[in-house]
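Just so we're on the same page: letters track the sequence lines, and every chain starts at 1.
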Amino acid sequence: MGKEELATLFASDHDRYYKVNIFEEKGFKRQKCSKCAKFFWSQTEREFCPDHEYYSFIGKPPTNKRLDYVDTWKEIELFFKSNNHSIIRRYPVVCRWRDDLYFTIASIVDFQRIMENKVVFELPSNPLLVPQMSLRFNDIENVGLTGRHYTSFCMIGQTCNADADGGYWKDRCIELDYEMLTNRLGIQSHEIVFVEDVWLGAGAFGYSLEYYVNGLELGNAVFTEFEGNENSYHVMDNKIIDMGAGLERLSWITMGTPTSYDCAFGPIVQRLVDRLGISKDSEIMSRYFTAISGRLSEQINDINTLKPLIAKSLGISRDELSKIISPFEAIYTIADHTRTLLFAIADGALPSNVGGGYNLRVILRRAISILEKMGWDIKLEDVTDLHIDYLKQMYPELEEHTDDVRTILRLESDRYVGSNERMHAIATSIKNANRQLSVDDLIRMYESDGITPDFLERVGAIDKIPSTFYTRLADLHTEQNIAQTHKQTYSLAGIAPTKALYYEDMSMREFRAKIIKITDGRNIILDQTAFYPRGGGQEPDTGVLGGMQVIEVVKQADIIIHKLQNRSNFVEGQSIDGIVNNRRRESITKHHTATHILNSSARNTLGSWVWQNSAFKEEGYGRLDITHHSALNKEEIWKIEQKANDVVRQNLPVVINTYSRGNAEQYYTFRIYQGGVVPSNSVRIVNINNWDIEACGGTHVRKTGDIGIIKIMKSERIQDGIIRLEFVAGEAALKYLQRQESQLTSISQSLGSSKEKVVESLQKMIYETETTKKKIKTVLRKISPHVASSISNTARLLPKGNIKVYSIYDEELDEDYHIAIGEKSIELDPYLIYVALISRDQGLRVIVFAGEHARKKIHAGIIAKQLSIELGGSGRGNERFGQGGGRFKDKIGDSLKSVEELVVKEFSRTESEGNRDE
RNA sequence: GGGCCGGUCGUCUAGUCUGGUAGGAUACGGCAUUGGCAUUGCUGAGGCCGUGGGUUCAAAUCCCACCCGGUCCA
């Protein structure tokens, strides 16, 4: 079902879907927009829906209240609190509870969990209100320019499950919103317009009412009533209201400032304006942004084409307008970008070149380049401090991250400088080389070095940007194929959840259970089991079930499936005994608890931006990927290891309890989601004496001392922003250390040294090898004239052309020697042909030199080639020098004999050719 | 998540397509010119061509894997 059909469906019964009590009570009438045919409700007669209106509130807000950003929130918070809503702390902007999103893009996302490809809603309270900071990067170009676009904004989420305790449906929802607008914000009710719309999501849909004041959309109440598809749908058991309203806009409507940025970033903008000494023409600004609001539409979404038109209507030149507006556009953009970075970094995201981090790096560099372009000496981290100072009233947690945010911003700013220097160096070399660049060159430079054609044009490396550049670039990115990982699933309809004995008693290794179902003779489902299934990065248990080997255990929903190595002849209903491989489970368990300890140890050592990215726990070793901006050095690794082992030695208790998700999140914060998405309503919290607290379904030791020792084997940067630690714990650590020692022992034995002095001995050996190499070179240089002259004397004179031939087979010296000697020999004797056959491990090498006179008749390359072919290989070269080789060592004698013959033949050939030429 | 680019004396780089003695610049050492310096000339030292495999008589060069750095897109 498409959006249009849905709209028709709901409009056909608008009294059922859109009419709410308050409309009746307050005299709102349904009307049709004469421009776009949308239906809307308002108290006054209107020709158009608010989509076609100017922002008439700019300069003259429709209320007597003036509420800045934070005060607007406080007002709304108070209102909903007094109407039985729980006020929920904001969720992180980094969306750790959904695999399909990097960032939280709307308030409703907080309460959505994906379970088996279906979205389910889980509200920690009902009804509730949340000031959810949300990040969106799809409209970056308009940020700072339009007065209302952001990369981050606060979406006030009024969320309600209509069918749960305390729930309400559309009448109450709109009544509350109406009251909020009129009583709390003081807006005249005849200014409010509700527009009918529909909402269509994955597997669910509903209708919505958007509310506008003076052309500005303030909020949208979505009523998700149905689930299913066009062919079959039904009313949901738990209908959901998702009302989202932008705090920036709610504040803006009361303030009537030129832009909403003046509200959201009020004190920040003011400080920057003061510091930079910018003068403000409020009159022109108000008129300009009012004009923008009316003209910016889907037809004209490029603000730059609008600017000349607006300048004309304001009666000033384009330059004059630009002079007034540009500094503010810059300040607004910087304020927006820094606020987004502040929230993202505080919540544990890092700028990088992959994943969501890329968006952060883009806006960070964008902000810096604006600062550069304006010539302003302002640091991003100073702006984030201003934000923190303002927003801490609403979001006190930001203050804890002040230093960490500064650290990351400084680091990234420095990286930008480095990358900028590289860009300039490349541009300069292009300019100096005076090379013409093709469109392909430009595309390659952009994609692989980040050098934009705009930059090249600005610095004068190219004359102008080829017209085809952007279309070519767009073409390159239209085709994208996304690889889907396929997971094996079993049809398990009607099977009861397996009782997880491994949770009830983590020490249980033997149990008796009844077989519920068998497929393939190999996949066994039991009524209960002590086998831990694969999950959360922990490898499954192995062991024995009814005498058969279990090689794999997986969990699908709440059902655990055991895979046997071979087909069994068990029957359903039979009772069998299970035995879990104890050694394996113990070792995996130690590695798992060690992962938690290391994770917190890394965060304490490195900084609060460290989160677990993923982890893997095997019998023999563990792997922990953490988010961190730079590769680790030896000292950092040692520190992390040290702290982790301190925790082990303190023998802290590991306490596991189950909480409801809402309570766990609000009490322990989102730090608990290190392992990623938890797909259930109750959360198992593993608490290592408050050193580390994580939501985790894995098996753990009772006390940290049980781990024995944790040893980090290595760290590597697997991608930008992610560091992998590989480690061993318990017995695996001991084995690792023993292996290391035995290697060290054998190295020191080979060196004839002791383990204590092995480094010293090795360095000495390397030094000796190097000096020996040098000595050989010197010796060769010194003796080569003497060897050359003796070669010249012993060479045999050929019957023709005064040419001498020297040939040798050498089993001891290498080609470097013969190249040096050959070179020297022909220099000394211009009539000489020097041929060396050199033995190698397998096969042999041929070196041929021809002196200055000899080469007039004899081509060294040809001699080398022919000799090599005889020897089962091939060769090449020029008149002076040729080389080649072959495999047949047994033909050396023959070849050596045939050298003279070959030379004579070659001589006569060139002789006759020479005659022909004459 | 999907791509792309790069890694060669201390530093900057040519050579890679098309396999054949790794070359230049700069800094460094020595000698000469000079009262001294700048300069200039001559000369010397400095390279497991990121690592490991493969192909080949022969690999900086071609193929594969990995490591390190950079970058674009979703």
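- Comparing the same atom, C1', in B:rG29 and in B:rU71 gives a spacing of 41 Å after rounding to whole Å.
- A close approach under 4.0 Å does occur between a side-chain nitrogen or oxygen of A:Arg361 and OP1 or OP2 of B:rU71.
- For B:rG15 and B:rA27, the C1' atoms lie 23 Å apart once the distance is rounded to whole Å.
- At the heavy-atom level, A:Glu870 lies nowhere under 4.0 Å from the strands shown.
- Comparing B:rC72 with B:rC63, their P atoms sit 26 Å apart, to the nearest whole Å.
- Searching all strands for a Watson-Crick or G-U wobble partner of B:rU55 with both distances below 3.5 Å returns nothing.
- For B:rG1 and B:rC9, the C1' atoms lie 40 Å apart once the distance is rounded to whole Å.
- Under the Watson-Crick and G-U wobble criteria, each requiring two contacts below 3.5 Å, nucleotide B:rU39 is left unpaired.
- If you take atom P in B:rC49 and the same atom in B:rG44, they sit 23 Å apart, rounded to whole Å.
- Near-neighbour residues of RNA chain B inside residues 844-856 of chain A, defined by a heavy atom below 4.0 Å, number-ordered: A:Leu844, A:Arg845.
- Across all strands shown, A:Gly886 has heavy atoms under 4.0 Å from sugar-phosphate atoms exclusively, and none from any base.
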Review item, nucleotides 45-55 of chain B N/O atoms under 3.5 Å of protein N/O:
unit_1: B:rA45; atom_1: OP1; unit_2: A:Arg781; atom_2: NH1; d: 3.3

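- Residue contacts for A:Glu815: at a heavy-atom cut-off of 4.0 Å it reaches no nucleic acid atom on any strand shown.
- The two residues A:Thr627 and A:Trp609 come nearest to each other via the heavy atoms OG1-O, 2.8 Å.
- Among the heavy atoms of the strands lying under 4.0 Å from A:Gly885 is at least one base atom, whether or not backbone atoms are also near.
- On the P atoms, B:rU26 is 24 Å away from B:rU34, given to the nearest whole Å.
- When Watson-Crick and G-U wobble pairs are counted only if both distances are under 3.5 Å, B:rC4 pairs with B:rG70.
- Atom name C1', nucleotides B:rU18 and B:rU61: the rounded distance is 10 Å, in whole Å.
- With both ends at atom P, the span from B:rA25 to B:rC42 equals 11 Å, rounded to whole Å.
- Counting all heavy atoms, side chain and backbone alike, A:Ile821 lies closest to A:Ile791 at CG2-CD1, 3.5 Å.
- The side chain of A:Arg717 places an N or O atom within less than 4.0 Å of a non-bridging phosphate oxygen (OP1 or OP2) of B:rG70.
- For B:rU56, the OP1/OP2 oxygens have no side-chain nitrogen or oxygen of A:Ser874 closer than 4.0 Å.
- Using cut-offs of 30° and 60° on the angle between ring planes, the pair A:Tyr834 and A:Phe849 is perpendicular.
- Counting any heavy atom pair closer than 4.0 Å across all strands shown, A:Phe881 reaches a base atom.
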